[in-house]
Amino acid sequence: MGTNSQRSTFQTEDDVSAPAQCDDDRAMPIVSVKGLKENWQKWSSEHQESQKLNPFSHDTRQTVVALQRGQDDYGRPQQGSLTEKRGKEAHTHIGREVQKLCEVIRNIGELKEKDVDGHDSHRKVITVEFGKLFEHYVTISNTLVGILLRARKQGLVDFEGEMLWQGKDDHVVITLLE
């Protein structure tokens with residue numbers, strides 16, 4: 001048995017028809033069965049609709065037609081989804097990492113002349129050996145090889161071989177193309 005300050009007042013379903021609400025952090029919310037049921041039904045309906053869009057759901061009544069290869073949105077996240085947002089943020093982050101890598105190559109690389117397409121004309125480019133770049137860049141990021149591969153894919157750097165390994169490929173020359 002408690003004191004008056006410890007007692008709580010419960011109201012019947014007929015007394016309160018709205019869902020549970022509480023304006024004051026210290027006040028005890030008045031909860032009705034009808035309000036709880038309405039909140040649950042609302043959540044359940046929203047969840048069922050979202051599962052119809054989920055390709056991994058076992059719901060056989062999907063309303064979304066699966067995209068086929070070659071269609072514009074094939075292999076892309078749903079527009080406005082968190083997955084799309086995260087992908088855009090990752091793309092921006094990687095772009096900044098590639099730009100940072102190019103700046104490091106400019107700072108520690110050496111200016112050399114390079115033949116252009118086997119002609120007699122020469123063009124000045126900045127080059128650096130992988131070992132030197134690795135030793136310098138390891139304090140900035142531990143993803144140097146992945147960023148180098150991305151930069152090569154974007155046409156910003158060039159080097160021989162498909163993959164670079166520390167120690168084994170320390171003398172491979174990396175050329176800044178931009």
Side-chain angles (χ1 to χ4, degrees), residues 22 25 39 42-178:
C22 184
D25 291 340
N39 282 342
K42 179 182 174 193
W43 177 86
S44 177
S45 297
E46 290 172 355
H47 181 70
Q48 285 175 348
E49 287 302 313
S50 70
Q51 288 305 300
K52 288 179 182 178
L53 301 175
N54 182 351
F56 302 107
S57 173
H58 296 295
D59 188 357
T60 57
R61 299 168 285 137
Q62 287 189 353
T63 57
V64 177
V65 177
L67 296 172
Q68 302 297 319
R69 278 189 190 198
Q71 288 181 310
D72 289 341
D73 289 340
Y74 178 78
R76 299 201 181 272
Q78 186 178 11
Q79 287 188 344
S81 67
L82 284 175
T83 302
E84 180 190 39
K85 180 183 173 191
R86 290 180 195 118
K88 287 180 179 180
E89 289 172 356
H91 182 74
T92 302
H93 175 74
I94 291 170
R96 284 192 304 263
E97 289 286 326
V98 168
Q99 292 302 319
K100 191 185 308 180
L101 171 68
C102 291
E103 188 63 33
V104 168
I105 293 173
R106 278 188 206 94
N107 290 338
I108 67 171
E110 300 172 5
L111 194 60
K112 295 185 177 180
E113 289 191 13
K114 180 180 179 181
D115 287 340
V116 179
D117 299 327
H119 293 62
D120 289 335
S121 62
H122 295 285
R123 166 178 116 185
K124 293 188 179 193
V125 293
I126 298 174
T127 63
V128 64
E129 287 187 348
F130 176 67
K132 180 178 178 181
L133 179 61
F134 187 89
E135 290 299 320
H136 184 77
Y137 203 79
V138 76
T139 60
I140 298 171
S141 174
N142 61 351
T143 58
L144 173 62
V145 176
I147 296 169
L148 274 170
L149 292 172
R150 176 59 70 124
R152 179 167 68 178
K153 186 175 182 180
Q154 293 177 4
L156 300 173
V157 300
D158 189 36
F159 55 88
E160 291 200 20
E162 287 209 20
M163 182 63 78
L164 296 172
W165 303 97
Q166 183 187 14
K168 176 184 160 204
D169 295 320
D170 282 353
H171 297 292
V172 172
V173 176
I174 298 169
T175 305
L176 187 63
L177 299 176
E178 71 168 42

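- The closest side-chain heavy-atom distance from M163 to L149 is below 4.5 Å.
- Between K132 and I108, the closest heavy-atom pair is NZ-O, 3.0 Å.
- Scanning all heavy atoms of the two residues, the minimum distance from G109 to V128 falls at CA-CB, 4.1 Å.
- The structure places OG of S50 at 9.0 Å from CD of Q48, a figure rounded to the nearest 0.5 Å.
- How far CD1 of I174 is from CG of L101: 7.5 Å, rounded to the nearest 0.5 Å.
- Taking a cutoff of 4.0 Å between a charged side-chain nitrogen and a carboxylate oxygen, K100 and E97 qualify as a salt bridge.
- Other residues, nucleotides and ligands place more than 12 heavy atoms under 6.0 Å from the CD atom of E89.
- Considering only heavy atoms from C-beta on, F130 comes within 4.5 Å of V145 through its side chain.
- Atom CG of L176 sits about 10.5 Å away from atom CG of L111, to the nearest 0.5 Å.
- L148 contributes atom CG, which lies 9.5 Å from atom OG1 of T143 (distance to the nearest 0.5 angstrom).
- Within the 3.5 Å criterion, the main-chain N or O of G80 finds a donor-acceptor partner in the side chain of E84.
- Ring geometry for H47 against W43 counts as parallel: the plane angle stays under 30°, on a 0 to 90° scale with 60° as the upper cut.
- Side-chain contact between F134 and L164 is absent, with no heavy atoms from C-beta onward closer than 4.5 Å.
- In terms of modelled atom types and a separation under 3.5 Å, the side chain of R106 and the main chain of I126 share no donor-acceptor contact.
- Looking at D169, its side chain never comes within 3.5 Å of a backbone N or O of Q166 through a donor-acceptor pair.
- Nearest heavy-atom pair across V173 and F159 is O-CB, 3.6 Å.
- Atoms SG and CG, on C102 and N107 in that order, are 11.5 Å from each other to the nearest 0.5 Å.
- Atom CD of Q99 and atom CD of Q154 lie 8.0 Å apart (nearest 0.5 Å).
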